[in-house]
Amino acid sequence: MKKIVFIAAMFYGFGVTAQVINPVQVLKDVEILSSDVYEGRQTGTKENQMAADYIIGRLTKLGVAPYQKDFKHPFTFKTRQGEDVKGVNVLGIIPGKTAGLIVISAHYDHVGIKRGLIYNGADDNASGVGGLLAAAEFFTNNKPEKTIIIAAFDAEEMGLQGAKAFVADPTTELSKILLNINMDMISHNDKNELYVAGSFANPALKPFLVSNNPKVKLIAGHDDPKLGHDDWTNQSDQGAFNAKKIPFLYFGVEDHPDYHKATDEYSTITKDFYVNAVEVIIRIAGNYDKSTAKKSKSKLIMKN
């Protein structure tokens, strides 16, 4: 059986006691991006680019600067059929006090329209983008130690293409990237279980995985190569970073009945869980940024 680590720990603050996120705004972002207006945000469509423009508008309003002079970073890739497809990553930057980089990411694309039905992808992955924008707001209001790159990747559904384009860009200083924090499907779980993958290969990350939010059961797992398909290491955009030997923390929920179905709508996400999950993720990002980890008071329970 797979090994799972249940993390039950107190959160050790990083100088912030105020509300970490705006719950109304984070839910609004998911509701808007998963509405029919965006027709499932399929890469290469005008609706996909409407979603990109929405994200840029939100980042601009928050005061996030464009990464390398522009928010939009176009790339081209070939499908398995040899077709050329154009995608666009949306990248912003929040300068820190050191040269080290943390890339916080979520893919904004989904699968579009199938058989006349719009696949709106509320959990997959409007939820991750909502969390990404909440992280952008938090770190613009609380200056980070490390520089934060806010990355809304395109074409994840077509093989992690946006993330692959990012790490392949010669202007990206991979040696300075200390960690990728990726969010993909973080809003739909009736058991209040949020998984975090990445500490199996990089156990030095475990002390940062602490939270005082009793409404979320944070579980470290799905990252042992022996698990086969249940190893999520390369199943979302963190896989592109892992291929470059960059440590990652991937946050997500297990598959649910609405996964990759037209029923993955705003109405079917677990809203209270989602708001709390985003808060937990941002607190952990803050733990790592400030290098605040209290091993002596964090409790890790191994389950076989």
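FYI, side chains are in, hydrogens and waters are out, and symmetry mates aren't considered; it's all heavy atoms of this structure. Here, residue 1 is the first one in the sequence, and each next residue gets the next number.
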Given side chains that start at C-beta, do those of [X] and [Y] come closer than 4.5 Å, heavy atoms only?
X: Glu193; Y: Val253; result: no
X: Ile32; Y: Tyr38; result: yes
X: Val196; Y: Leu218; result: yes
X: Phe138; Y: Ile21; result: no
X: Leu133; Y: Leu59; result: yes

I'd like to know if the side chain of [X] and the backbone of [Y] have a donor-acceptor N/O pair within less than 3.5 Å.
X: Asp124; Y: His260; result: no
X: Asn22; Y: Gln25; result: yes
X: Lys146; Y: Asp289; result: yes
X: Asn125; Y: Met185; result: yes
X: Arg41; Y: Gly121; result: yes
X: Gln235; Y: Asp231; result: yes
X: Thr43; Y: Ala155; result: yes
X: Thr140; Y: Val64; result: no
X: Ser211; Y: Asn213; result: yes
X: Lys206; Y: Phe200; result: no

Using 4.0 Å as the upper bound for N to carboxylate O, is an ion pair formed by Lys164 and Asp169?
no
May I ask you to decide whether Asp272 forms a salt bridge with Lys215, counting only side-chain N to carboxylate O separations under 4.0 Å?
no
Honestly, is [X] close enough over [Y], meaning NZ or CZ under 6.0 Å from the six-membered ring centre and within 45° of the axis?
X: Lys114; Y: Tyr119; answer: yes
X: Lys271; Y: Tyr266; answer: yes
X: Lys86; Y: Phe77; answer: no

Could you grab the distance from atom [atom1] of [X] to atom [atom2] of [Y], nearest 0.5 Å is fine?
X: Ile281; Y: Ile181; atom1: CD1; atom2: CD1; value: 9.0 Å
X: Gln161; Y: Thr76; atom1: CD; atom2: OG1; value: 11.0 Å
X: Met158; Y: Arg80; atom1: CE; atom2: CZ; value: 10.0 Å
X: Leu178; Y: Leu101; atom1: CG; atom2: CG; value: 7.0 Å
X: Asp53; Y: Arg58; atom1: CG; atom2: CZ; value: 14.5 Å
X: Asn89; Y: Asp70; atom1: CG; atom2: CG; value: 12.0 Å

Write down the atom of [X], the atom of [Y], and the distance for their closest heavy-atom approach.
X: Ser187; Y: Tyr274; value: CB-CD1, 3.3 Å
X: Ile186; Y: Phe273; value: O-CE2, 3.4 Å
X: Phe166; Y: Thr172; value: O-OG1, 3.2 Å
X: His107; Y: Val129; value: O-CG2, 3.6 Å
X: Gly92; Y: Phe71; value: CA-CE2, 4.1 Å
X: Ala152; Y: Ile55; value: CB-CD1, 4.1 Å

Would you please test Glu279 and Asn276 for side chain to side chain contact (heavy atoms under 4.5 Å, CB included) and show each step?
CA-CA 5 Å; Glu279 184 208 17; Asn276 285 291; 4.2 Å; yes
Verify side-chain hydrogen bond (donor to acceptor under 3.5 Å, both in side chains) between Asn182 and Ser105, making sure each step is shown before the conclusion.
CA-CA 5 Å; Asn182 188 45; Ser105 61; 2.8 Å; yes
Partners of Asn234 by side-chain hydrogen bond (donor to acceptor under 3.5 Å, both in side chains), sequence neighbours excluded?
Asn242
Among Thr263, Thr270, Asp123, Asn189, which residue meets the side-chain hydrogen bond (donor to acceptor under 3.5 Å, both in side chains) test with His256?
Asp123
Angle between ring planes, Phe241 versus Phe153, binned at 30° and 60°: parallel, tilted or perpendicular?
tilted
Worked check of side-chain hydrogen bond (donor to acceptor under 3.5 Å, both in side chains) between Asn120 and Ser35
CA-CA 6 Å; Asn120 280 318; Ser35 66; over 6 Å; no
Check the pair Asn180 / Tyr250 against side-chain hydrogen bond (donor to acceptor under 3.5 Å, both in side chains), numbers first and verdict last.
CA-CA 8 Å; Asn180 169 230; Tyr250 162 62; over 6 Å; no
Go through Val210 and Asn287 one step at a time and tell me if the side chain to side chain contact (heavy atoms under 4.5 Å, CB included) criterion holds.
CA-CA 8 Å; Val210 294; Asn287 286 345; 3.3 Å; yes
Working for side chain to side chain contact (heavy atoms under 4.5 Å, CB included), residues Ile148 and Ile93:
CA-CA 6 Å; Ile148 308 288; Ile93 190 166; over 6 Å; no
Can you find a side-chain donor-acceptor pair between Asp109 and Gln42 that sits under 3.5 Å?
no
Taking atom types as modelled and ignoring hydrogens, do the side chains of Glu156 and His110 form a donor-acceptor contact shorter than 3.5 angstrom?
no
Show your reasoning for whether side chain to side chain contact (heavy atoms under 4.5 Å, CB included) applies to Asn48 and Val88.
CA-CA 9 Å; Asn48 170 281; Val88 178; 5.6 Å; no
